[in-house]
Amino acid sequence: MPAARGDGMRGLAVFISDIRNCKSKEAEIKRINKELANIRSKFKGDKTLDGYQKKKYVCKLLFIFLLGHDIDFGHMEAVNLLSSNKYTEKQIGYLFISVLVNTNSDLIRLIIQSIKNDLTSRNPVHVNLALQCIANIGSKEMAEAFATDIPRLLVSGETIDVVKQSAALCLLRLFRTHPEIIPCGEWTSRIIHLLNDQHMGVVTAACSLIEALVKRSPDEYKGCVSLAVSRLSRIVTSSYTDLQDYTYYFVPAPWLSVKLLRLLQNYPPPEDPGVRGRLNECLETILNKAQEPPKSKKVQHSNAKNAVLFEAISLIIHSDSEPNLLVRACNQLGQFLTHRETNLRYLALESMCLLAASEFSHEAVKKHQETVINALKTERDVSVRQRAVDLLYAMCDRSNAEEIVQEMLHYLETADYSIREEMVLKIAILAEKYATDYSWYVDVILNLIRMAGDHVSEEVWYRVIQIVVNREDVQGYAAKTVFEALQAPACHENMVKVGGYILGEFGNLIAGDSRSSPAVQFRLLHSKYHLCSVATRALLLSTYIKFVNLFPEIKPQIQEVFKQDSNIRSADAELQQRASEYLRLSVVASTDVLATVLEEMPPFPERESSILAILKKKKPGRTVDPLDVKDQAEGAVGSAAAGNTGGVGVSVNSQQQQQRQQNGQTTDLLVDVLGDIYSSPPQGGGGGVPTQNNFTKNNLGTGDGGTQPVDNLKKLSWKNNGVLFENDLLQIGVKAEYRANLGRMTLFYGNKTAFPMLGFNPSVSCAGELASKVSVQVKPVESTVEAGAQVQQLINMECVEDFTEYPSLVLTFMYNSVQQKLNLKLPLTINKFFEATDMNAETFFARWKNLGGAQQESQRIFKAAFPMDINATSAKLSGFGMQLLKGIDPNQDNFVCAAILHTKSQQIGCLLRLEPNRQAQMYRLTVRASKESVAKQMSELLSEHF
Amino acid sequence: MIKAILVFNNHGKPRLSKFYTYLTEEMQQQIIKETFHLVSKRDDNVCNFLEGGSLIGGADYKLIYRHYATLYFVFCVDSSESELGILDLIQVFVETLDKCFENVCELDLIFHVDKVHYILNELVMGGMVLETNMTEIFTRIDEQNKLERQEAGLAAAPARAVSAVKNMNMNLSQQIKDIKLPDLPQAIKDLKF
């Protein structure tokens with residue numbers, strides 16, 4: 001009888017056989033339900049179960065769980081098993097808990113005592129069970145409960161190796177959830193010295209722990225470097241018989257070697273020449289061993305040997321200080337590039353990516369360009385091809401850019417769908433970065449759109465437009481090329497967008513040619529119009545109005561298009577609005593006005609490529625940024641002129657542009673009228689948006705930096721459009737309109753990430769009293785928001801009575817398999833239902849006096865929170881929906897306003913007077929209204945904004 | 001760090017799942033499905049690494065797997081692990097199972113899920129490699145078995161009945177083959193069917 005088969009449980013075996021014999025899913029479910037009912041009744045029954053029975057039922061539950069069924073009972077029985085004296089019962093109890101109990105369960109508190117008992121048991125097997133359980137759950141509660149026990153077990157001289165080993169990893173697990181658990185001071189050196197332990201298993205476990213600690217406080221643990229080097233040196237230079245059982249297929253302690261080499265990658269090369277020399281000796285020995293004939297034909301031998309070798313190469317690349325080792329590493333990887341083992345080819349490509357970033361080896365890597373391109377063409381495995389793409393991207397520089405971009409474009413045609421989007425980004429970045437001739441760049445991007453239009457994200461086509469707008473020398477070429485590209489019978493919608501935008505701006509540059517005369521250009525674009533989405537149509541309408549300016553001769557045809565029912569009466573509000581506004585503009589505006597309004601777009605301010613930011617976001621930590629790396633390298637070699645880095649060589653100081661940039665929206669930069677709700681530049685002086693500025697810098701600067709969430713609820717009380725909320729994951733924009741006591745608000749949920757958001761569910765509600773005062777009607781939205789996509793939600797509201805609370809917006813969705821929940825408020829305040837009311841001084845004062853009752857007035861005196869700027873204050877007051885009445889107050893500095901609040905049941909007059917005191921930097925605010933609650937609420941709302 | 005260890009058969013039936021970070025049961029099942037989908041469509045002679053599915057964390061995680069006869073052994077790891085090291089760890093795991101069960105086969109994993117977990121617990125703890133020395137691991141398992149036998153005493157008798165049931169099953173089920181310890185990847189081709 002085999003060791004592990006040992007005893008069995010007949011009932012369990014029978015049950016499993018039954019399940020396996022089930023002919024259908026239904027039968028299986030039926031059988032499982034029967035069993036669950038049986039177990040439940042046994043657990044609940046009067047008869048006390050013995051340990052064996054409990055164990056059997058728990059095993060059944062585990063099996064049912066593995067098949068994907070929810071287990072919602074049995075926990076208590078498992079907890080009871082923990083305190084059993086019998087090892088097997090205890091063991092199964094622990095197993096159940098580690099598989100089925102979640103970290104925040106109340107049960108955790110119940111089991112802590114049992115675990116404590118086992119931790120102090122004299123039987124090491126029991127101690128290990130307890131440690132495994134703690135590590136499996138790894139919750140904060142566990143960390144707190146065992147903060148003293150586990151470190152003590154780890155360093156105590158009495159602890160046997162087996163336990164020490166587990167204690168190290170257990171501590172590591174707890175450290176991850178609760179970093180404070182690691183004691184400081186003398187403990188540091190005791191933990192470091194575990195690297196000298198006799199037992200290799202202990203050293204391996206300790207090495208993992210130390211690496212995590214080093215990442216937190218590298219200086220504190222600096223001492224581990226020399227110990228790690230000497231340990232490594234003893235392994236590498238030993239003959240394998242010394243290590244006995246830790247030799248795996250003739251390779252001495254491969255796992256420990258890998259761990260040590262990883263640990264050393266957290267530090268620069270050792271300063272001490274002795275240690276440094278010893279380390280280099282180790283690395284050389286490892287490289288030498290790679291050239292020796294294999295000691296075994298088994299794949300395990302070569303795997304283990306190469307695991308160490310690759311890690312050594314990683315360390316060499318990380319140190320980036322020994323040219324000799326770097327070149328050897330590069331040659332070694334070069335050999336692997338053509339190795340018959342796919343795994344090695346994969347890893348070689350991956351490691352070479354890192355090598356390409358080093359100035360010493362960049363040239364050496366380039367020697368393998370042909371092989372890598374060949375890999376791209378011939379590898380059967382998509383994982384390997386993807387690594388080849390990564391490497392080509394990393395090894396690209398000015399000298400080989402055209403060839404590499406060409407090869408990547410070529411490969412794109414047949415590339416797997418899963419990697420196309422990333423390829424497109426990479427090609428676009430390389431083309432921009434290394435373009436010496438911008439017509440080449442334009443060609444590449446248009447090719448991208450032609451070949452993989454679906455995978456070209458917005459950023460890519462935005463970027464080509466930015467560059468064309470900023471570089472005069474390429475504008476004519478771009479216009480000509482897009483014009484030609486548009487002639488293809490089926491062209492991608494992205495092409496239509498780029499074409500529409502570029503012809504709208506620069507169509508005049510090619511209008512001289514009769515083959516691309518204004519009428520031809522217009523007809524060509526319009527022939528695509530009906531096949532396009534609403535967003536593209538909207539863009540095309542903007543192009544048409546630009547045409548009206550550029551080519552007055554085709555104005556009648558364009559006006560016809562605006563007038564078409566499908567536009568001017570379009571079901572889509574945006575199209576309808578554009579069509580009617582543009583039509584009107586083309587009729588009423590003089591040529592001069594038209595020329596000013598529709599002037600060529602000013603150049604975009606120079607900034608980091610938005611595409612690069614996207615790529616970094618997509619692959620944090622894995623993307624070698626060729627722009628940084630190569631600039632460094634070139635700088636060091638002194639071959640490239642400084643400053644010749646950015647693709648866009650124009651820097652503009654237009655204030656308007658800067659403001660737009662501050663809003664951090666790539667969309668704004670490009671699409672003049674499309675989606676301009678987000679741009680809403682900060683209004684003069686008043687409520688600037690510093691958080692948003694930070695956001696921009698973070699996002700573009702580091703790509704992975706955490707973003708401060710932006711919550712503009714307050715600001716939106718005096719604005720109808722703008723960004724309500726923004727964090728790393730999503731942005732919520734608001735656009736609202738109000739008329740009398742009715743309002744319509746559109747929320748725009750934009751997914752900023754590279755993953756879809758699933759189960760997307762925004763729910764709007766008016767809690768408590770508010771429900772009777774405001775009625776809201778919410779349109780549902782689709783449950784999935786694709787990566788980079790935006791969905792809209794329409795909310796209709798009616799003000800029944802004046803109110804004070806905000807409606808709440810609770811947003812839940814799954815992102816990257818994590819449930820997210822946001823609690824927000826909708827920017828709905830009573831002033832939204834204001835109607836600004838103009839009146840003369842006489843009427844105003846008559847009404848003011850009328851509302852003289854103490855109940856009708858609310859007054860506040862407060863310190864100015866913002867600069868006391870007249871324009872900003874006026875703008876805000878108007879933003880609140882009140883009519884600013886000038887020349888009424890005898891004191892010129894004072895502001896006087898009037899409005900009527902519309903509710904379903906009544907209209908409430910509301911008057912206001914705001915008196916600034918510049919010397920004291922104070923305001924006195926007086927609000928009078930025909931209803932007490934309104935006056936109070938308005939003074940509260942207003943006082944926060946000045 | 002190892003995020004998850006999954007074992008499923010050629011039809012995607014889970015035989016072992018162990019997650020080292022807490023995920024809801026539903027998510028665990030979805031990840032198993034997704035992983036099976038990703039791994040099972042790959043040929044047997046392509047490389048053993050691929051990027052993780054979107055549920056498990058996408059490109060930040062790698063799936064490192066081996067296919068033995070009817071079973072896939074998949075380790076999902078982050079970038080701090082050596083790919084080849086993990087590949088060898090899978091091998092150690094399977095060799096240990098083989099040693100403990102004497103010619104392990106899929107049925108052993110089905111009927112002795114608990115044992116398989118115990119063995120795995122000796123190899124990996126809290127997502128980190130605990131022990132790689134097979135002799136050492138086997139000694140510890142053996143110790144546990146001794147304890148078990150002591151406690152079982154007379155109750156060991158039904159064990160034989162269980163093996164009988166198991167053997168019966170073996171004959172009935174066509175698709176099960178013994179896991180041999182192949183000299184990879186050569187041997188794997190021989191095992192294809």
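Quantities reported herein were computed from a predicted structural model and do not represent experimental measurements. Throughout, protein chains are lettered first and strands after them, A, B, ... in sequence-line order, and every chain is numbered starting at 1.
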B:Ser82 and A:Arg262 side chains, donor-acceptor separation under 3.5 Å: no
Interatomic distance, A:Thr88 atom OG1 to B:Tyr118 atom OH [nearest 0.5 angstrom]: 8.0 Å
Heavy-atom pair with the smallest gap, counting every atom of A:Leu169 and B:Val129: CD1-O, 3.4 Å
Beyond-backbone contact of B:Lys18 with A:Asn136, side-chain heavy atoms, under 4.5 angstrom: yes
N-O pairing of B:Glu95 and A:Lys298 below 4.0 Å: no
Side chain to side chain contact (heavy atoms under 4.5 Å, CB included) assessment of B:Ile110 paired with A:Ile16: CA-CA 8 Å; B:Ile110 298 170; A:Ile16 294 175; 3.4 Å; yes
Which portion of A:Phe96 sits near chain B, non-hydrogen atoms under 4.5 angstrom: neither
Partner chain B: residue of A:Phe65, A:Tyr249, A:Tyr94, A:Phe63 with the largest heavy-atom pair count (under 4.5 Å): A:Phe65
No-hydrogen, no-angle side-chain donor-acceptor test under 3.5 Å, B:Gln91 and A:Tyr248: no
A:Asn343 side, atom CG; B:Asn48 side, atom CG - distance, nearest 0.5 Å: 4.0 Å
Non-hydrogen atoms of A:Ala13 and B:Phe111 that approach each other most closely: O-CE2, 3.6 Å
When A:Ile92, A:Leu256, A:Leu12, A:Leu261 are compared by non-hydrogen pairs under 4.5 Å with chain B, the top option: A:Ile92
Proximity breakdown for A:Leu344 and chain B, heavy-atom pairs closer than 4.5 Å: side chain
A:Asp381 side chain reached by B:Arg42 side chain, heavy atoms, under 4.5 Å: yes
Trace of the side chain to side chain contact (heavy atoms under 4.5 Å, CB included) decision for B:Phe19 with A:Val99: CA-CA 8 Å; B:Phe19 288 82; A:Val99 173; over 6 Å; no
Contact origin within A:His199 toward chain B - heavy atom pairs under 4.5 Å: side chain
Ion pair B:Lys62/A:Glu350, N-O distance below 4.0 Å: yes
Side-chain touch A:Arg380/B:Asn45, heavy atoms, less than 4.5 angstrom: yes
Residue pair A:Met200, B:Asn133: steps toward the side chain to side chain contact (heavy atoms under 4.5 Å, CB included) verdict: CA-CA 9 Å; A:Met200 299 286 268; B:Asn133 175 351; over 6 Å; no
A:Lys259 side chain reached by B:Glu81 side chain, heavy atoms, under 4.5 Å: yes
Side-chain touch A:Gln300/B:Val92, heavy atoms, less than 4.5 angstrom: no
Student check: side-chain heavy atoms of A:Ser98 and B:His117 closer than 4.5 Å: no
For chain B, the option from A:Asn306, A:Leu62, A:Asp70 that forms the most heavy-atom pairs under 4.5 Å: A:Asp70
Point-to-point distance, once rounded to the nearest 0.5 Å, from CD of B:Glu143 to CG of A:Asn128: 9.5 Å
Proximity breakdown for A:Tyr87 and chain B, heavy-atom pairs closer than 4.5 Å: both
Nearest-0.5 Å distance that lies between atom CG in B:Leu147 and atom CG in A:Asn123: 6.5 Å
Proximal component of A:Ser302, with respect to chain B [non-hydrogen, under 4.5 Å]: neither
Contact class of A:Gln91 relative to chain B, heavy atoms under 4.5 angstrom: both
Heavy-atom proximity to chain B below 4.5 Å, by part of A:Gln132: both
Whether B:Asp88 side chain and A:Ala304 backbone form a donor-acceptor pair below 3.5 Å: yes
Which portion of A:Arg345 sits near chain B, non-hydrogen atoms under 4.5 angstrom: neither
Chain B contact via A:Val162 - which portion, at a heavy-atom distance below 4.5 Å: both
Salt bridge (Lys or Arg N to Asp or Glu O under 4.0 Å) between B:Lys13 and A:Glu28, worked out: CA-CA 13 Å; B:Lys13 277 253 180 238; A:Glu28 184 186 304; 3.7 Å; yes
B:Phe49 CZ to A:Leu347 CG distance, which is reported to the nearest 0.5 Å: 4.5 Å
Minimum side-chain heavy-atom gap A:Trp255-B:Leu89 below 4.5 Å: yes
Which of A:Ser314, A:Ser208, A:Ser166 touches chain B most, by non-hydrogen pairs under 4.5 Å: A:Ser166
Check: A:Thr342 side chain, B:Val46 main-chain N or O, donor-acceptor pair, under 3.5 Å: no
Contact class of A:Leu66 relative to chain B, heavy atoms under 4.5 angstrom: both
Spatial distance of atom CZ (A:Arg173) from atom CE (B:Met1) [nearest 0.5 Å]: 5.5 Å
Heavy-atom side-chain proximity of A:Gln165 to B:Met125 below 4.5 angstrom: no
